[in-house]
Amino acid sequence: MSASRASARLSLPRASLRETFAFLSGVVLPLLGKGVILRRPPAVALAQRLNLDKRALRIVQRLRDRHGPGPLLLPVPLHPYALILSAEHAARILAASPTPFTPASDEKRAALNHFEPHGVLISGERERALRRPFNEAVLETPNPLHHLAPRFLAVVEEEAPALAKEAEAAGKLDWDSFAMAWWRMARRVMFGDEARDDHALTDMLSRLRADANWAFLFPRRRRLRRRFDERLGVHLVRAEPGSIAEVMARMPARPGTDPLHQVPQWLFALDGPARATFRTLALLGTHPAQRARAMEEIASGGPELPYLRACLLDTLRLWPTTPVILRQATEDVDWEDRTIARGTGIIIYAPFLHRDAERLPQADRFAPDPWLEGTPERAGLVPFSDGPARCPGRHLSLMLSSAMLAALLRRGFVPKGLEGIGPDRPLPATLSAYGLRFSPG
Ligand code: HEM
């Protein structure tokens, strides 16, 4: 749109400097402290103890109460942001990706450049047009069950008993042992059995992700990234039958797709479902009615496990593993009678939309059922984002998580020390997956 037209229109309603500071210190700072790309468990524990996520929610609720449904301009010097405050606006922004609202925002590029500069998420429009279809084809985005599901589910069924045995010997199941088993499973799914014990690969990625938490404040470690890429390449070239690497090897890729450099995002993204699985195990251990339905579903067989998937989705609603979805305006955009200026960062703060008691009767309760009843994204529930850049790995992720969850539920693990959590009181704004413990059933 022309500059003269833009100047004739109003800019967005604006937060005061004081409100902007409150948002930066009360919402953004705790997110950065906990680690955006790689979580820091002690910082998450501190946030839980100090109730920082609840305070962050209140800050955003107050902004909505004062300014209405927004979008609300936060006048951050040099880089203004528009804060999305309604479910309908979130849906409109996400539907308009990658133009005029690109997912490749400045902050995301600064962070993800540390380990996946050619990943689809931070690609420009031309490269995205090649890379997004490749991601969808390999991950089989529309399919609830990937065509390799029988193999992947068998891998879960092999790793879960090993984990259970270890937990029985130790007298407890904790995050460290769960994560170890999860990554063994994840590497087998991605690259095949040869990669099962390649902890070094996952560790290298963790070090790069730790740097990415600092975005442009930390120099890029080119040597470490080269070593990581080489190791990844070895696993991919093997193209082990029954793995994602095999699917990739068979998939035609047009020049510019850069298949290898799509994989770090997949590995990185497999962290989220691990935390969601562990938290859902805790919720089902403290919510007897939902647990009974889950056990019924598991007993009746079938690989799809829709109720367990709904449980996982509701865990992701309550504690989204991607709490902030960022976009950036690529041009001046007409927005009702206002203009969102080119370059404005767009912040969709999922915990606010997911726990909005004004719209959602289930705001602070564990409520899997709405996920079985249609398209909750319309009501602003966006754990996997929405629109053309919506997570292409959501079904693969839910399939692996629900299978692991079923395997652990069958073995009767019981949460320890979660007396404050249950159906008769509001669920807390933070639930650190790292602090959860279960005793063998
Ligand atoms: C708990 C599990 C997961 C959650 C909650 C999740 C959530 C998300 C969200 C919210 C986005 C959009 C980010 C943004 O717009 O800034 C996204 C993008 C993406 N996710 Fe996931 N994800 C999960 C697991 C996975 C898995 C397992 C894979 C692959 C194996 C995957 C692959 C991707 C890719 C490639 C993108 C970029 C899509 C694009 O830019 O077009 N995700 N995910």
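Counting starts at 1 for both ligands and their atoms, following the listed order. Here, residue 1 is the first one in the sequence, and each next residue gets the next number.
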>> Judged on heavy-atom distance to atom 38 (C) of ligand 1, which of Arg131, Arg132, Lys108 sits nearest?
In response: Arg132

> Is ligand 1 less than 4.0 angstrom away from at least one heavy atom of Pro273?
Replying inline: yes

> Under 30°, 30 to 60°, or over 60°: which ring-plane class applies to His79 and Tyr81, parallel, tilted or perpendicular?
Replying inline: parallel

>> What protein heavy atom lies closest to atom 3 (C) of ligand 1? Include the residue and the distance to one decimal.
In response: Phe384 CE2, 3.2 Å

>> Under a 4.0 angstrom heavy-atom cut-off, which atoms of ligand 1 come close to Thr322?
In response: 7 (C), 10 (C)

> So which protein heavy atom does atom 5 (C) of ligand 1 come closest to, and at what separation?
Replying inline: Thr321 OG1, 3.3 Å

>> Distance under 4.0 Å to a non-hydrogen atom of Asn135: what atoms of ligand 1 satisfy this?
In response: 35 (C)

>> Tell me if a side-chain donor or acceptor on Lys108 pairs with a main-chain N or O of Leu326 at a distance below 3.5 Å.
In response: yes

> In terms of atom number and element, which parts of ligand 1 are under 4.0 angstrom from non-hydrogen atoms of Ser397?
Replying inline: 1 (C), 2 (C), 24 (C), 27 (C)

> So which bit of Leu139 gets within less than 4.0 Å of ligand 1, heavy atoms only: side chain, backbone, both or neither?
Replying inline: side chain

> Hey, which atoms in ligand 1 end up nearer than 4.0 Å to a heavy atom of Ser385?
Replying inline: 10 (C), 12 (C)

> What is the nearest protein non-hydrogen atom to atom 13 (C) of ligand 1, stated with its residue, atom name and distance?
Replying inline: Leu121 CD1, 4.0 Å

>> Less than 6.0 angstrom separating the ring centers of Phe115 and Phe268, yes or no?
In response: yes

Tabulate below the donor-acceptor pairs under 3.5 Å that side-chain atoms of residues 276-287 make, not counting sequence neighbours, or state none.
unit_1 : atom_1 : unit_2 : atom_2 : d
Thr277 : OG1    : Pro273 : O      : 2.5
Thr277 : OG1    : Ser401 : OG     : 2.9
Arg279 : NE     : Leu431 : O      : 2.7
Arg279 : NH2    : Leu431 : O      : 3.2
Thr280 : OG1    : Ala276 : O      : 2.6
Thr280 : OG1    : Thr315 : OG1    : 2.8
Thr286 : OG1    : Ala282 : O      : 3.0
Thr286 : OG1    : Leu283 : O      : 3.0
His287 : ND1    : Leu283 : O      : 2.9

>> If the cut-off is 4.0 Å to any non-hydrogen atom of Ile325, which atoms of ligand 1 fall inside it?
In response: 15 (O)

> Which atoms of ligand 1 sit under 4.0 Å from any heavy atom of Arg327?
Replying inline: 14 (C), 15 (O), 16 (O)

> What atoms of ligand 1 come within less than 4.0 Å of a heavy atom belonging to Ala389?
Replying inline: 38 (C), 39 (C), 41 (O)

> Sub-3.5 Å donor-acceptor pair from the side chain of Glu246 to the main-chain atoms of Ala239, do we have one?
Replying inline: no

> Centres of the Trp335 and His89 rings: under 6.0 Å?
Replying inline: yes

> In terms of residue, atom name and distance, what is the protein heavy atom nearest to atom 30 (C) of ligand 1?
Replying inline: Trp266 CB, 3.6 Å

> Are the side chain of Arg359 and the backbone of Leu353 linked by a donor-acceptor contact shorter than 3.5 Å?
Replying inline: yes

> Angle class for the Trp266/Phe134 ring planes (parallel below 30°, perpendicular above 60°, tilted otherwise)?
Replying inline: parallel

> Does ligand 1 have any atom that is closer than 4.0 Å to a heavy atom of Pro383?
Replying inline: yes

> Which protein heavy atom lies closest to atom 8 (C) of ligand 1, and at what distance to 0.1 Å?
Replying inline: Cys391 CB, 3.6 Å

> Can you check whether Arg128 has an N/O within less than 3.5 Å of an N/O in ligand 1?
Replying inline: yes

>> Students often mix this up, so state it plainly: with edges at 30° and 60°, are the rings of Tyr434 and Trp175 parallel, tilted or perpendicular?
In response: perpendicular

> Is Asp369 salt-bridged to Arg293, going by a charged N under 4.0 Å from an acidic O?
Replying inline: yes

> Taking the side chain from Asp332 and the backbone from Arg342, do they hold a donor-acceptor pair closer than 3.5 Å?
Replying inline: yes

> What pairs with Thr322 under side-chain hydrogen bond (donor to acceptor under 3.5 Å, both in side chains), at least two apart in sequence or on another chain?
Replying inline: none

> Nearest protein heavy-atom contact for atom 28 (C) of ligand 1: which residue, which atom, what distance?
Replying inline: Ala269 CB, 3.6 Å

>> At less than 4.0 angstrom from any non-hydrogen atom of Gly272, what atoms of ligand 1 do you find?
In response: 1 (C)

>> Among all protein heavy atoms in this structure, tell me which lies nearest to atom 37 (C) of ligand 1, with the distance rounded to 0.1 Å.
In response: Val120 CG1, 3.8 Å

> Would a distance-only check, ignoring hydrogens and angles, find a side-chain to backbone donor-acceptor pair under 3.5 Å from Gln328 to Asp106?
Replying inline: yes

> Which residue and non-hydrogen atom of the protein lie closest to atom 34 (C) of ligand 1, and at what distance in Å?
Replying inline: Pro392 CD, 3.4 Å

